[in-house]
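This structure is in structure tokens; I'll ask about it shortly.
Atom set for the values below is all heavy atoms of this structure, side chains included, hydrogens, waters and symmetry mates excluded. Worth saying up front: this structure is predicted, and the values here are computed from it rather than measured. Per chain, numbering begins at 1; letters A, B, ... match sequence-line order.
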Amino acid sequence: MVGITRTHTCGDLRPTDGGKEVVLCGWVATVRDHGGVLFADVRDRYGRTQVVFNPENRELHERAQTLRSEFVISVRGVVAVRPDGMQNAKLPTGGIEVIAREMDILNAAATPPFEVEGTAPVAQETRLKYRFIDLRRPEMQRNLFLRHKMIQCMRTYFDEQGFIDVETPLMIRSTPGGARNFLVPSRLTPGAFYGLAESPQLFKQILMVSGLDRYVQIVKCFRDEDLRADRQPEFTQLDVEMSFVEQGQIITLIEGMLARVFKQLLGKDIPTPFLRLSYDDAMLRYGCDKPDLRYGMEFREITDLGKESEFKVFRAVAEGGGEVRGFCAPGGGQIPRRGLDDLTAYVGPFGAKGLVWMRVEEGTLNSPVAKFFPPALQARLIERMGARAGDMLFFVADKPSVVLSALNELRQEVARRLKLIPPDAFALCWVLDFPLLEWNETEKRWDARHHPFTSPRAEDLDILETKPGEVKARAHDVVLNGVEIGGGSIRIHNPEVQKRVFRLLNISDEEAQSKFSFLLDALKYGAPPHGGIALGIDRLTMLLLGAESIREVIAFPKTQKGACLMTGAPAEVDPRQLKELGVRM
RNA sequence: GGCCCCGUAGCUCAAUUGGUUAGAGUGCCAGAUUGUCGAUCUGGAUGUUGCGGGUUCGAGUCCCGUCGGGGUCGCCA
């Protein structure tokens with residue numbers, strides 16, 4: 001009997017351990033049976049080690065021949081330094097092997113549905129159904145480990161900064177607006193429901209009123225909305241709130257944390273402070289409130305030049321109050337005609353009626369519409385766009401919203417096609433000065449862009465009711481490689497301002513009183529100015545690892561339909577359970 | 001709710017214009033094999049082509065529906 005008491009892991013042993021008697025436990029990764037000598041690689045979380053079964057020990061050798069992939073075994077043996085020519089440079093333990101003296105088969109294993117160390121990608125469906133096998137893959141273990149280290153790094157950082165981790169309820173009152181809540185029926189109050197928290201927003205504000213001053217929590221949030229590659233119905237946030245702060249302090253705090261995360265986990269130095277863009281700026285330069293700054297291709301407006309040209313489309317749009325805007329794709333001159341047609345079709349669904357392209361040559365432009373631009377105008381266009389020979393200019397003419405959204409999509413597509421995105425690059429920025437509200441055309445009313453507790457800028461309080469569309473919020477989003485990884489704001493701490501914002505959002509005094517009285521109360525009893533931010537842990541981990549989906553960094557994720565293929569959730573329940581809950585279908 | 005892609009052996013894929021008995025690699029099983037490490041060699045088994053209907057002399061292939069997986073728009077304060 002070897003037993004299960006390990007002396008080392010499968011990643012530990014090195015030539016300096018030569019001669020030691022050791023016990024390893026793990027899974028059989030592969031067996032290579034040479035008839036005489038038989039090799040079995042044993043794998044655990046820490047690595048893999050080659051175990052050698054020699055034919056001299058006949059009983060042991062025969063049992064070794066019954067080993068199959070994924071059997072769980074323990075082995076007692078002696079570490080042997082491998083002679084020259086027999087080392088395996090691909091393995092950290094490749095300098096040694098363990099000569100088996102005893103071996104226990106702790107558990108046999110059925111043939112796994114897919115190879116744990118296979119190279120071919122396995123269908124998502126299969127991986128999720130057999131997630132216990134999938135998570136054995138070294139890549140998944142590395143992902144989960146990095147996630148753990150990141151969270152560890154964050155906790156240490158916030159502890160050093162004096163933050164206190166406070167748990168807030170997940171079963172809360174369902175609140176109107178924002179994400180759809182998952183509902184939990186109350187057995188003790190038939191007909192009433194809890195909502196699963198979409199975020200700890202109000203609780204962390206209440207904690208500020210309570211004087212906790214600096215709060216942090218790594219917390220699950222629940223949103224009953226459609227899934228995406230970077231969206232799961234339950235996900236994890238790093239949630240932060242601070243009292244007596246301005247936006248700058250929150251921003252600096254988070255920059256410090258992210259810089260440390262990048263340094264500790266990836267060894268990368270991220271320059272701080274990050275670039276800060278106003279919302280308006282981000283929209284005009286990138287057509288997007290979460291611009292990917294790993295590459296350039298900023299937009300430039302040429303409405304005035306379009307007006308001077310003979311090109312009817314540009315002139316008509318310019319004179320009709322629209323705008324002409326575009327960007328310069330470096331090296332884009334190589335895009336063939338066919339590719340340009342593809343790109344024109346690509347922007348169609350985003351509302352652009354057409355796409356004007358101009359190939360930049362030495363001081364001139366080559367384009368079907370070049371003839372409408374006299375040489376002097378071409379030169380000014382090239383200068384305005386910062387273009388050089390070999391580049392390609394793209395323009396869209398329409399009303400501003402259409403121009404910006406079409407160019408935004410086009411810019412990203414061109415970056416992909418021209419391979420302008422540097423691998424392993426991390427571009428961080430802040431987007432500030434968001435509009436407080438956005439007009440909901442279907443409901444014909446103003447909605448909170450962030451949430452109803454976001455503070456307007458002090459200088460905009462006067463126009464809150466008169467020009468609500470122009471009011472800016474004291475909100476901040478942090479963006480990494482074109483993905484929003486976090487957002488927050490300075491909150492309203494004045495009950496009167498809070499009431500005005502509720503009114504603006506069409507939340508009546510009665511409704512505000514019935515649903516948010518606790519908040520309005522709290523604000524009355526001495527609420528300090530406060531603000532905070534929340535970061536998406538899953539998304540951040542995904543980006544750090546360069547993964548395509550947050551499923552790669554969540555141990556047990558759900559499918560696009562919100563199902564857990566391993567456990568079969570969601571599932572029907574016993575009618576008696578429903579009856580107890582007072583729920584009828 | 002809309003649009004798009006995918007579904008063939010355990011896994012990853014192929015199968016010409018709709019045409020003979022649906023193939024390959026890998027895995028699996030058996031045998032051989034004393035230094036491999038993606039071991040090698042020989043042999044073997046494995047299919048409700050997701051499911052249901054339709055068109056056709058004939059459907060993996062075309063059409064309709066449906067289920068499942070993925071991407072995306074809406075949605076996600």
Checklist entry - Would you call the rings of A:Phe502 and A:Phe516 parallel, tilted or perpendicular if under 30° counts as parallel and over 60° as perpendicular? => result parallel
Checklist outcome for this item: Between the CE atom in A:Met208 and the NE2 atom in A:His493, the distance rounded to the nearest 0.5 Å is 14.0 Å
Checklist entry - Within the distance-only criterion (no hydrogens, no angle test), does the side chain of A:His8 pair as donor or acceptor with the backbone N or O of A:Leu13 below 3.5 angstrom? => result no
Item to check | Between B:C64 and B:U72 - C1' atom distance, rounded Å | outcome: 25 Å
Next on the checklist: So does A:Phe203 get a backbone contact from the side chain of A:Gln205, meaning a donor-acceptor N/O pair under 3.5 Å?
Outcome noted: no
Checklist entry - Would you find a donor on one side and an acceptor on the other, under 3.5 Å apart, between the side chain of A:Thr126 and the backbone of A:Val122? => result no
Checklist outcome for this item: Closest of B:U34, B:G74, B:U26 to the A:His34 side chain is B:U34
Item to check | From B:C76, B:U34, B:G71, nucleotide with atom closest to A:Ala229 side chain | outcome: B:G71
Checklist entry - Among all residues two or more places apart in sequence or in another chain, which pass the side chain to side chain donor-acceptor pair (under 3.5 Å) test with A:Glu125? => result none
Item to check | Within 6.0 Å of NZ in A:Lys558, more than 12 heavy atoms from elsewhere | outcome: yes
Next on the checklist: Any strand counts, and the cut-off is 3.5 Å on both contacts for Watson-Crick or G-U wobble. Which nucleotide pairs with B:A32?
Outcome noted: B:U40
Checklist entry - Looking at B:G35, B:G68, B:U33, which one has an atom nearest to any side-chain atom of A:Lys561? => result B:G68
Next on the checklist: Quick test of your reading of the model: are A:Glu413 and A:Arg417 salt-bridged, counting only N-O distances below 4.0 Å?
Outcome noted: yes
Item to check | Atom-pair distance (CG on A:Asp226; C1' on B:C73), nearest Å | outcome: 10 Å
Checklist entry - How does each nucleotide of nucleotides 2-9 of chain B score, in 5' to 3' order, for protein heavy atoms under 4.0 Å: base (B), sugar-phosphate only (S), or none (-)? => result --------
Item to check | Residue A:Val37, side-chain heavy atoms: nucleotide from B:G35, B:G69, B:G38 that is nearest | outcome: B:G35
Checklist entry - Applying a 3.5 Å limit to both distances, which nucleotide forms a Watson-Crick or G-U wobble pair with B:C62? => result B:G54
Checklist entry - For B:C37, does either OP1 or OP2 sit under 4.0 Å from a side-chain N or O belonging to A:Lys90? => result no
Next on the checklist: Using whole Å, what does the distance between atom P of nucleotide B:C73 and atom CD of A:Glu413 come to?
Outcome noted: 13 Å
Item to check | Span that lies between the P atom of B:U49 and that of B:G60, in whole angstrom | outcome: 8 Å
Next on the checklist: Taking only side-chain N and O atoms of A:Ser69, does any of them lie within less than 4.0 angstrom of OP1 or OP2 on B:C28?
Outcome noted: yes
Next on the checklist: What is the distance, to the nearest angstrom, from the CD atom on A:Glu115 to the P atom on B:U26?
Outcome noted: 10 Å
Checklist entry - Nearest-Å distance, CD (A:Gln87) to C1' (B:U36)? => result 14 Å
Checklist entry - For the side chain of A:Glu225, counting heavy atoms from C-beta on, which of B:G70, B:C73, B:C76 is nearest? => result B:C76
Checklist entry - With both distances under 3.5 Å as the test, what is the Watson-Crick or G-U wobble partner of B:C3? => result B:G71
Item to check | Side chain of A:Leu565 - closest among B:G69, B:C76, B:G74 | outcome: B:G69
Checklist entry - B:C76 base to A:Arg231 side chain: any donor-acceptor pair below 3.5 Å? => result yes
Item to check | Interface residues of residues 52-64 of chain A with RNA chain B (non-hydrogen, below 4.0 angstrom) | outcome: A:Pro55, A:Glu56
Checklist entry - Whole Å only: how far is the CD1 atom of A:Ile133 from the C1' atom of B:G27? => result 14 Å
Next on the checklist: I want to confirm an ordering. Mapping A:Thr126 and A:Thr30 to their closest nucleotides on RNA chain B, which one lands closer to the 5' end?
Outcome noted: A:Thr126
Next on the checklist: Considering every strand and a 4.0 Å limit on heavy-atom distances, what is the contact class for A:Asp447: base, sugar-phosphate, or nothing?
Outcome noted: nothing
Item to check | Interatomic distance at C1', B:U46 relative to B:C11, whole Å | outcome: 13 Å
Checklist entry - With no hydrogens and no angle check, is any side-chain donor or acceptor of A:His451 less than 3.5 Å from a backbone partner on A:Phe453? => result yes
Next on the checklist: Tell me if the side-chain of A:Glu117 makes a donor-acceptor pair with the base of B:G38, cut-off 3.5 Å, by modelled atom types.
Outcome noted: no
Checklist entry - Counting side-chain heavy atoms from CB outward, which of B:U34, B:C37, B:G74 is closest to A:Met86? => result B:C37
Item to check | Who pairs with B:G47 - Watson-Crick or G-U, where each distance is under 3.5 Å | outcome: none
Next on the checklist: Does B:G68 have OP1 or OP2 under 4.0 Å away from a side-chain N or O of A:Lys129?
Outcome noted: no
Next on the checklist: Between B:A45 and B:G23, how many Å separate the two P atoms, rounded to a whole number?
Outcome noted: 13 Å
Checklist entry - Looking at the side chain of A:Phe39, which of B:C11, B:G38, B:G35 is the nearest nucleotide? => result B:G35
Checklist entry - In terms of side-chain heavy atoms, does A:Gln50 have a donor or acceptor partner in A:Arg32 at a distance below 3.5 Å? => result yes
Next on the checklist: Does B:U36 have its OP1 or OP2 closer than 4.0 Å to a side-chain nitrogen or oxygen of A:Gln50?
Outcome noted: no
Checklist entry - Do the rings of A:Tyr130 and A:Phe132 sit parallel, tilted or perpendicular, given the 30° and 60° boundaries? => result perpendicular
Checklist entry - On a whole-Å scale, what distance lies between the P atoms belonging to B:C4 and B:C76? => result 24 Å
Item to check | Non-hydrogen atoms of A:Asn408 and A:Cys288 that approach each other most closely | outcome: OD1-CB, 3.5 Å
Checklist entry - Taking the same atom, P, in B:U20 and in B:U34, what whole-Å distance lies between them? => result 46 Å
Next on the checklist: At 4.0 Å (heavy atoms only), tell me whether A:Pro452 reaches a base, stays on the sugar-phosphate, or touches nothing.
Outcome noted: base
Checklist entry - Should A:Asn481 and A:Asp292 be marked as a side-chain hydrogen bond (donor to acceptor under 3.5 Å, both in side chains) after you check the CA-CA gap, both sets of side-chain angles, and the distance that decides it? => result CA-CA 5 Å; A:Asn481 295 355; A:Asp292 191 339; 5.9 Å; no
Checklist entry - Which is true for A:Asp224 with a 4.0 Å heavy-atom rule: it touches a base, it touches only sugar-phosphate, or it touches nothing? => result nothing
Checklist entry - If you check every side-chain atom of A:Arg82, which of B:G35, B:C75, B:C37 has the closest atom? => result B:C37
Checklist entry - Using atom C1' of each nucleotide, how far apart are B:A14 and B:G47 to the nearest Å? => result 15 Å
Checklist entry - Over how many whole Å does the gap from A:Gln201 atom CD to B:C76 atom C1' extend? => result 16 Å
Item to check | Base B:G70 to side chain A:Arg551, donor-acceptor N/O within 3.5 Å cut-off | outcome: no
Next on the checklist: Are A:Gln141 and A:Leu135 packed together at the side-chain level, in the sense that at least one heavy-atom pair is separated by less than 4.5 angstrom?
Outcome noted: no
Checklist outcome for this item: Considering only heavy side-chain atoms of A:Gln560, the closest of B:G38, B:G35, B:U72 is B:U72
Item to check | Span that lies between the P atom of B:G50 and that of B:G10, in whole angstrom | outcome: 13 Å
Item to check | Atom pair distance, as rounded to whole Å: CG in A:Leu227 and C1' in B:G69 | outcome: 13 Å
Next on the checklist: Regarding A:Glu484, tell me which of base, sugar-phosphate or nothing describes its non-hydrogen contacts under 4.0 Å with the strands shown.
Outcome noted: nothing
Checklist outcome for this item: Taking for A:Glu198 and for A:Pro113 the nucleotide of RNA chain B with the nearest heavy atom, the one nearer the 5' end belongs to A:Pro113
Next on the checklist: Please determine whether a side-chain nitrogen or oxygen atom of A:Thr559 lies at a distance below 4.0 Å from atom OP1 or OP2 of B:G69.
Outcome noted: yes
Checklist outcome for this item: Using Watson-Crick geometry (N1-N3 plus N6-O4 or O6-N4) or G-U wobble (N1-O2, O6-N3), each under 3.5 Å, B:G10 is paired with B:U26
